[in-house]
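Chain identifiers are assigned alphabetically (A, B, ...) following the order of the sequence lines, protein sequences preceding nucleic acid strands; residue numbering begins at 1 within each chain.
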Amino acid sequence: DQQVKQNSPSLSVQEGRISILNCDYTNSMFDYFLWYKKYPAEGPTFLISISSIKDKNEDGRFTVFLNKSAKHLSLHIVPSQPGDSAVYFCAASARGGATNKLIFGTGTLLAVQP
Amino acid sequence: GAGVSQSPRYKVAKRGQDVALRCDPISGHVSLFWYQQALGQGPEFLTYFQNEAQLDKSGLPSDRFFAERPEGSVSTLKIQRTQQEDSAVYLCASSLEPVSYEQYFGPGTRLTVT
């Protein structure tokens, strides 16, 4: 039972254009969402996050949007750069448990073409 | 500063062997997590430590998996009598405080069981 879903295994965009990566979740107890970026042979690197009390968070070229009613979030990268090419994981966490463990999606491979 | 480090980076074990994977978290980080990432999947939670206390081991797939963090810093994940299905990348992550959602990952240990 996949609680966090990334339905697009891959995405290809041109340098300078916008990249939009999508994520859906099923557990309404999730109250914090994160995006991680992963290069081959490296661990995931934290990119940006959003609390469920917000609907948007922006950090430089990266913006995350949260639509709680649709249980959907998206990561926008503008403008996209070749160095952004990596696997992007969406993750979620639920307050109230003994741990802030993260539940990850399966990832989306982003390729930014020069 | 130094990030999370893991050793060995690669481990090949024959089926039935025991293995031990080491994680050095960021200095001062209270929380430590272990995740397992199978090929083509996102990381999946295994276990969580707050200092030396193992507060959640709900993700450990069988009693062949054991983790410890005796002095609240370095952690070891041990897998006894390895099976082929244990082949995966094992990721360690740490965070500064238990209430922190952002986790910082090490590069992982790729375990291959032959």
Side-chain angles (χ1 to χ4, degrees), chain A residues 1-10 21 23-25 27 29-54 57 59 64 66 73 86-109, chain B residues 2-10 21 23-26 29-51 53-60 67 69 88-110:
Chain A
D1 179 27
Q2 195 78 20
Q3 297 185 68
V4 177
K5 301 177 185 178
Q6 293 178 258
N7 292 319
S8 297
S10 63
L21 295 97
C23 178
D24 297 292
Y25 61 96
N27 189 341
M29 297 300 292
F30 288 147
D31 62 351
Y32 203 81
F33 304 89
L34 307 91
W35 285 93
Y36 280 82
K37 174 180 178 179
K38 186 180 183 305
Y39 293 118
E42 295 183 11
T45 302
F46 170 72
L47 195 57
I48 191 169
S49 62
I50 187 166
S51 164
S52 61
I53 64 173
K54 296 185 176 181
N57 188 27
D59 183 2
V64 55
L66 175 62
L73 64 155
V87 176
Y88 288 79
F89 290 99
C90 170
S93 187
R95 191 184 302 278
T99 169
N100 290 337
K101 64 184 176 185
L102 297 178
I103 309 299
F104 284 85
T106 52
T108 297
L109 175 62
Chain B
V4 178
S5 61
Q6 293 185 245
S7 61
R9 292 293 312 277
Y10 303 90
L21 312 180
C23 171
D24 284 83
I26 294 172
H29 277 200
V30 168
S31 296
L32 186 145
F33 301 79
W34 283 98
Y35 292 85
Q36 179 190 59
Q37 185 177 15
L39 192 63
Q41 301 297 314
E44 291 194 3
F45 171 78
L46 293 177
T47 188
Y48 164 66
F49 289 86
Q50 183 177 319
N51 295 306
Q54 188 176 20
L55 298 186
D56 188 344
K57 51 183 180 179
S58 62
L60 296 177
R69 193 186 185 198
V89 175
Y90 290 85
L91 293 161
C92 176
S94 69
S95 64
L96 181 60
E97 299 171 344
V99 297
S100 300
Y101 285 100
E102 289 85 6
Q103 298 175 20
Y104 298 89
F105 283 80
T109 295
R110 179 177 294 279

Taking every non-hydrogen atom, the tightest pair across [X] and [Y]:
X       : Y       : answer
A:Phe89 : B:Gly42 : CE2-CA, 3.6 Å
B:Leu91 : A:Gly43 : CD2-CA, 4.2 Å
B:Tyr10 : A:Ala41 : OH-CB, 4.3 Å

Does A:Gln3 have more than 12 heavy atoms from other residues, nucleotides or ligands lying within 6.0 Å of its CD?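 Correct, the count exceeds 12.
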Can you tell me how far [atom2] of [Y] sits from [atom1] of [X], rounded to the nearest 0.5 angstrom?
X        : Y       : atom1 : atom2 : result
B:Gln103 : A:Ser93 : CD    : OG    : 7.5 Å
A:Asn100 : B:Glu97 : CG    : CD    : 11.0 Å
A:Lys101 : B:Tyr48 : NZ    : OH    : 12.0 Å

Which residue out of B:Ala93, B:Pro43, B:Ser95 racks up the most heavy-atom pairs below 4.5 Å with chain A? B:Pro43
So, using side-chain contact (heavy atoms from CB on, under 4.5 Å) as the criterion, who are the partners of B:Ser5 when residues are at least two apart? B:Asp24
Give, as side chain, backbone, both or neither, the part of [X] having an atom under 4.5 angstrom from any heavy atom of chain A.
X       : answer
B:Ser58 : side chain
B:Gln37 : side chain
B:Arg9  : side chain

Sidechain-backbone polar pair: B:Tyr35 side chain, A:Leu102 backbone, donor-acceptor under 3.5 Å: yes
Is there a side-chain contact (heavy atoms from CB on, under 4.5 Å) between B:Phe105 and A:Tyr36 once you walk through the steps? CA-CA 10 Å; B:Phe105 283 80; A:Tyr36 280 82; 3.7 Å; yes
